Amino acid sequence: MYKTKREMEAKLMPPAGLTAKHEARGSAQECMLFQERPATPEDVKKFRRSANLEPGKRYQNPKTIADIQTLKLDQRTFGVTSKTSEATTAELLSQKSQSGVVGKLNFIKAEKVYHTTTREPLGKTYCRNHQLPQKYIDGQPFGQVPTTKDEAAKNLIFPRLCESQEYADEIYKKSHGLYGVGEQKKRNYDWKFDPTQATFGAKSKDVAFNGVSKNIADVLSTADADQGPLVTTRNVENFKDLGDVLGRPRNLGIGADKIPEGTVFGKPSVSANEVNLWGAAETITGEYGCDRDDGVTVGDLGRSITPGFRNITTETRAFGVPSIRSDLPRIPINKRSMADPMNYGDDVSARELISPEDFSNLSIDPSVFHTPMALEKIINTFKAIGYSLPSDIAAFIYDIASQGQGGCSVHQYRVVMNDYLYADETGSGDEWLRANGFSSRK
């Protein structure tokens, strides 16, 4: 017999959890070793979403997975197995040539069972078996013959609606609801009266604007207005007082209507006796003085008094590195690295960044077009872009552009060459040469 209920439960009921051996208790290694997590049963796993998430795997219905595995449907080939004695696919697809008149007639007879052969004969239009009126079969042309020869093109392109077309529009309104723009929808109700003249609703004995406006006050006023004040319950009045009011805060029932105007809620942060104490405003703005409370001046305020760390010098030069490094050798822009952050004093202005010059994407400075160049280099430059002139004319244009200075730039040469080319296109090239002092070609 058990003395107590707890003793009985301890003997009969098994303890919860796992029972470990005495020699394995207390070991850190045993505490970090976990048993393998039990796997999901196969009859439950097939219903999981993860069963069909493997890449390249075909989706399988969970209810047919067991049939596929039991019947081995994934290893079967469906359909009827053909015998070797039957015709092959190539023989069935290829049409044997019909030899003789009888063979051709049999082939035509066999093909007539197909609608495509009957309605789409080879070399003819598609036959729809339409039964046309006799007048069109006899040769009468389709369409409407104009009454006069001077028929306007507008009437031919946009003819007026006839009775049949209006009937077709009514069919589209009924089937598709295709009403015109701004057209009122009509349901063709069978009214017992004229809806355009009738007035709907019950007629009141006091109708405003019934020819005169004397009944307006009677219509707008109610019968309750003449009864005086009404007595209601306290619950109704409380509901009205504590409800939402348009444009006003909600009454929370704390007696806010009895609080005088201008009342400040909350506890003051500084009492009347602590006005001159240090507060948050003084902490943010700061109130520092050069003199202490005892009148002694603070000598280290705003400067260093440690020897060796004082910025005291008798020199007048500026310390540090200048922002514009004019003291360093200037590297040409076309040879300067894009990773060079140094400013040599020749950076472009904001205007050139917003509206860059021509050929700036090729790292060509505009000053290159105004730099004097030799005759041979000028001729080769223009020859590279397709302007090849005779050597004597090119030299003559170079002399005019240089203006006796011993050299000319690309811009000067281009201006004079354009004048010559324009004169040559208009047939007065020789006159332009003689006018500028060109006597004869060498």
Side-chain angles (χ1 to χ4, degrees), residues 16-17 37 40 44-53 59 61-63 166 169-289:
R37 185 177 180 180
T40 306
V44 179
K45 185 178 179 180
K46 62 182 181 180
F47 293 98
R48 296 287 177 86
R49 185 180 180 185
S50 58
N52 291 303
L53 292 180
Y59 177 81
N61 195 315
K63 299 181 180 180
E166 293 179 357
D169 293 342
E170 294 296 330
I171 295 177
Y172 270 100
K173 290 178 183 179
K174 185 177 181 180
S175 59
H176 296 76
L178 186 61
Y179 289 86
V181 179
E183 183 180 359
Q184 185 179 6
K185 183 182 292 186
K186 296 181 180 180
R187 296 181 175 85
N188 296 326
Y189 292 150
D190 187 12
W191 300 99
K192 302 303 181 181
F193 52 86
D194 188 3
T196 59
Q197 302 294 332
T199 303
F200 293 87
K203 184 177 180 182
S204 175
K205 59 181 180 179
D206 296 329
V207 180
F209 299 102
N210 188 13
V212 294
S213 59
K214 63 180 180 179
N215 295 327
I216 297 178
D218 299 335
V219 173
L220 296 179
S221 62
T222 59
D224 298 337
D226 301 333
Q227 294 180 3
L230 298 177
V231 179
T232 59
T233 61
R234 183 64 180 177
N235 295 334
V236 176
E237 293 299 324
N238 291 338
F239 177 77
K240 293 181 179 180
D241 293 339
L242 300 179
D244 295 327
V245 182
L246 183 62
R248 294 173 56 188
R250 186 175 182 180
N251 185 8
L252 301 178
I254 58 176
D257 53 341
K258 300 179 181 179
I259 299 176
E261 187 177 357
T263 302
V264 180
F265 296 91
K267 182 180 179 181
S269 57
V270 180
S271 62
N273 300 327
E274 300 177 351
V275 177
N276 297 327
L277 295 180
W278 191 273
E282 290 79 10
T283 303
I284 297 174
T285 59
E287 292 183 359
Y288 307 99

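Along the sequence shown, the residues carry numbers beginning at 1. The structure presented is a predicted model; accordingly, all values stated were derived computationally and were not measured.
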From Leu178 atom CG to Asp169 atom CG, the distance as rounded to the nearest 0.5 Å: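 Going from CG on Leu178 over to CG on Asp169, the span is 8.0 Å.
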Starting at CG of Leu53, measure out to OH of Tyr59 and round the result to the nearest 0.5 Å.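 One finds 10.5 Å between CG of Leu53 and OH of Tyr59.
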Scanning both residues in full, the closest heavy-atom pair of Leu242 with Asn251 reads CD2-O, 3.4 Å
Do any pairs count as a salt bridge (Lys or Arg N to Asp or Glu O under 4.0 Å) and have a residue in residues 230-247, sequence neighbours left out, and if so which ones?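 Residue pairs with at least one partner in residues 230-247: Asp244-Arg250.
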Run the ring pair (Phe, Tyr, Trp, His ring centres under 6.0 Å) test against Phe47 and tell me which residues pass, sequence neighbours left out.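 Partners of Phe47 under the ring pair (Phe, Tyr, Trp, His ring centres under 6.0 Å) test: none.
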Residue list, ring pair (Phe, Tyr, Trp, His ring centres under 6.0 Å) with Phe265, at least two apart or on another chain: none
For side-chain contact (heavy atoms from CB on, under 4.5 Å), just list the numbers for Lys173 and Lys185, CA-CA rounded to whole Å, side-chain angles, deciding distance to a tenth of an Å, and then say yes or no. CA-CA 9 Å; Lys173 290 178 183 179; Lys185 183 182 292 186; over 6 Å; no
Got more than 12 heavy atoms from elsewhere within 6.0 Å of CZ, Phe193? yes
Verify the distance criterion only: is there a donor paired with an acceptor across the side chains of Asp194 and Thr196 at less than 3.5 Å? yes
